[in-house]
Amino acid sequence: MTLRILLHEVRELVSSALTSAGYPVIEFDVSEPPQHAFGDLSCNVAFLLSKHLKKPPTKIATELAEAIRPRLQGSYILSADPAGGYINFRANHARLSPATLSHVLSNPENYGYPNSGQDMHIVIEHTSINPNKALHVGHMRNVIIGDTLYRIMRATNHRTTVLNYIDDSGVQIADIVVGFKFAGFPVAPPTKNQKFDHYCGDEVYVKINEIYEKDPQVAEKRKLVLKEIEEGKSEIARFAMEITLRVLQEQLKTCWRMKAHYDLLNFETHIVGSKLWSKAFELLKSNGIAKYETEGKNKGCWVIEGKEKEEEDKVLVRSDGTATYIAKDIPYAAWKLGLVEDPFYYQEYTKQWDGSTLYATTLADGSNSKSIGKKFNGGQRVITIIDSRQSRLQRIISQVLSKIGVGGSHKYFHLSYEAVTLSSDTAKEFGIDIGDRQFMHMSGRKGIYVNADYVLDALHTKAYKEVKTRNPDFSDQQLNKIADEISISAIRYNMIKQDLDKIITFDIKESLSLEGDTGPYLQYAYARSQRILEKSEQSIIAGKTDFAFDRLTNESEIALIKEIAKLDLVVENAAKSLCPKSLARYAYNLAMAFNLFYEKVPVLREQDNEVRMARLGLVKAFGIALKNTLEVLGITALDRM
RNA sequence: GGGCUCGUAGCUCAGCAUGGAUAGAGCGAACGCCUCCUAAGCGUUAGGUCGAGGGUUCGAAUCCCUCCGGGCCCGCCA
């Protein structure tokens, strides 16, 4: 029994009342009213009808409520009352609460995870960071949005494949190779214990860009290196690949720290080498999408025509016959959707933090090839998580794919999100005064950004201290483990809680907060609930699913139960609307409902045995609901903190 | 110039898809609450012409139009 069933019941009641009262059956809304005093659920159908029928909504609501009342017998609804045009419903909590909580307690593993995905295959791409630097806070947003989405899809029983695109032949790689080969940077970081990705990004990449400005001769080397990388045979190319893989390994460590999961690494050189492009190009030509220009500024090029006059044509193939970057994106997207024959072989790349195997594309038909029986592409839905600067390009790709036929723009979806910028105070730490402005964009080239590992470390340090003051008896190992989980929860929640199309103004100090609307707040509510259970008659409640839940009549108890009952609807909606934020909001509301209950209602000190047991059952059910919610957010529920 | 996007309390943001009852949180500020299940908590107070104007509607933060302000994108670079 969850809110879903209650909503369905109210809808049925209203629908049948419409028929019996002689009204047309129209679409209407059933939702929670803004105030507790108005009841548990409320229906706006009378307003909608009054528009059609020119009849006062209050009158319609009264008639409908009268038609509904005789049907309430045996339902979970206690009363239906007209109020200012609404029909307000009161639930029979004495029946509803036991049904809800028993259901939760009997399904601790999968409560709240609906089957709405029906095993549909979803391909998600996220992270895809140039392998020449460490992750900064902007990349964290991408990783966390992507991984949360993957978890949402998994929780709604989708088949999921998570891709991470590795641009191993781009200019940014060439830049650091130039640094090592032509500007004298040692390949080993001079600072001890410095992660290789930090060294490449913070030192080599920033400094080589400074050198370019002063010395155009070094800048010239970049073209040479890029060419060698593309051709793939030379010593430089081998060296570039070695550097790429070393940086990638360090980047993955940071992603794994945040508990991100991947299934496959797609290397750009493999896409280029696979000749996928020529197949996709044929497809574009035969579908009339690619056009050869015989005059104008793009004379001699193959282009995709822009929409009407709004957009410029996009060049696909230059007049010298070489393909532009979009010639990598289009075939890759087509591969994701399964529109072209899969040219790749796959090999095990490494084991991940969660014990799963991460695969990588390869072009070599070795023993580890297709025999592994994995199919990574051919998603019924493909979601690509890239920041909003790429919206225009992603739209072109989406349009092109939908014209190829099998696709349709709804199948290829660009999940766009806004930038992470630095707050005025944080910019000051880089010695930059931004004046009246609210924020400042980060710059990898100039070294103005906050590294992901730095944030995680700072959070860890702070959390460690906090946990230690509360639990002085814990071992160092325990403290570190808990501090890890708290730091992950703080950053994951922080990056997910606000709308995707809102710029995050990252402030170091603020991001270190562990209070209020934060991840640790959620974990804290959980820890409190587990402590109650720990101190209770555990042997009696273990495995028990039926308590005298009808004895839970306190306002904060009812509110908590109602919140618990929403989970599966929230998860389903988050999947349907690709909205990870809604899950974070829910988690916060759920934790808040528990904290309120915790303040108002004693559990262990309750004298009435039956009531105390029922409350313990409620606390346990809450724990299950919150733990399952946190799991989808990638946050670990802690027993102690 | 064109396209996309944001604008709600001092600050950071929910609410807008599907219009509805007194616009909600957190941070910050002031003041309270641990002889009682973890105070990473809870409460009280202060703080709002929902960017501006117009329109649609019985009803607009929510839908439409115009304007203002911030941001991003518009290369035979990737």
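Naming convention: chains lettered A, B, ... in sequence-line order (proteins, then strands); numbering from 1 in each chain. Here the structure is a predicted model, which is why all the values come from computation and not from measurement.
Note on A/Ser319: a base of the nucleic acid sits closer than 4.0 angstrom, heavy atoms only. A/Arg585 comes within 4.0 angstrom of the backbone, heavy atoms only, and of no base. Contact annotation for A/Asn471: no contact, since no heavy-atom pair falls under 4.0 Å across all strands. Among the atoms of the strands shown, none is found under 4.0 Å from any heavy atom of A/Val317. Among the protein residues, A/Asn88 comes within range of the nucleic acid bases, having at least one heavy atom under 4.0 Å from a base atom.
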Show each protein N/O and nucleotides 7-11 of chain B N/O combination with a separation under 3.5 Å, one pair to a line.
residue: B/G7; atom: OP1; partner: A/Lys502; partner atom: NZ; Å: 2.9

With the criterion being N/O to N/O and under 3.5 Å, what pairs connect the protein with nucleotides 56-64 of chain B, and how long is each?
residue: B/G59; atom: O6; partner: A/Lys51; partner atom: NZ; Å: 2.8

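Ring pair A/His441/A/Phe439: centre-to-centre distance below 6.0 Å.
Of the candidate nucleotides B/A40, B/C42, B/A21, B/C42 has the atom nearest to the side chain of A/Asn595. Relative to the side chain of A/Tyr598, the nucleotides B/C72, B/A21, B/C37 differ in distance, and B/C37 lies closest.
One finds no side-chain N or O of A/Arg528 lying less than 4.0 angstrom from the OP1 or OP2 phosphate oxygen of B/G41.
Remark: A/Lys462 is not positioned above the aromatic ring of A/Tyr464, lacking an NZ or CZ atom under 6.0 angstrom from the ring centre and at most 45 degrees off the axis.
In this structure, A/Leu459 places its CG atom 13 Å from C1' of B/A40, rounding to the nearest Å.
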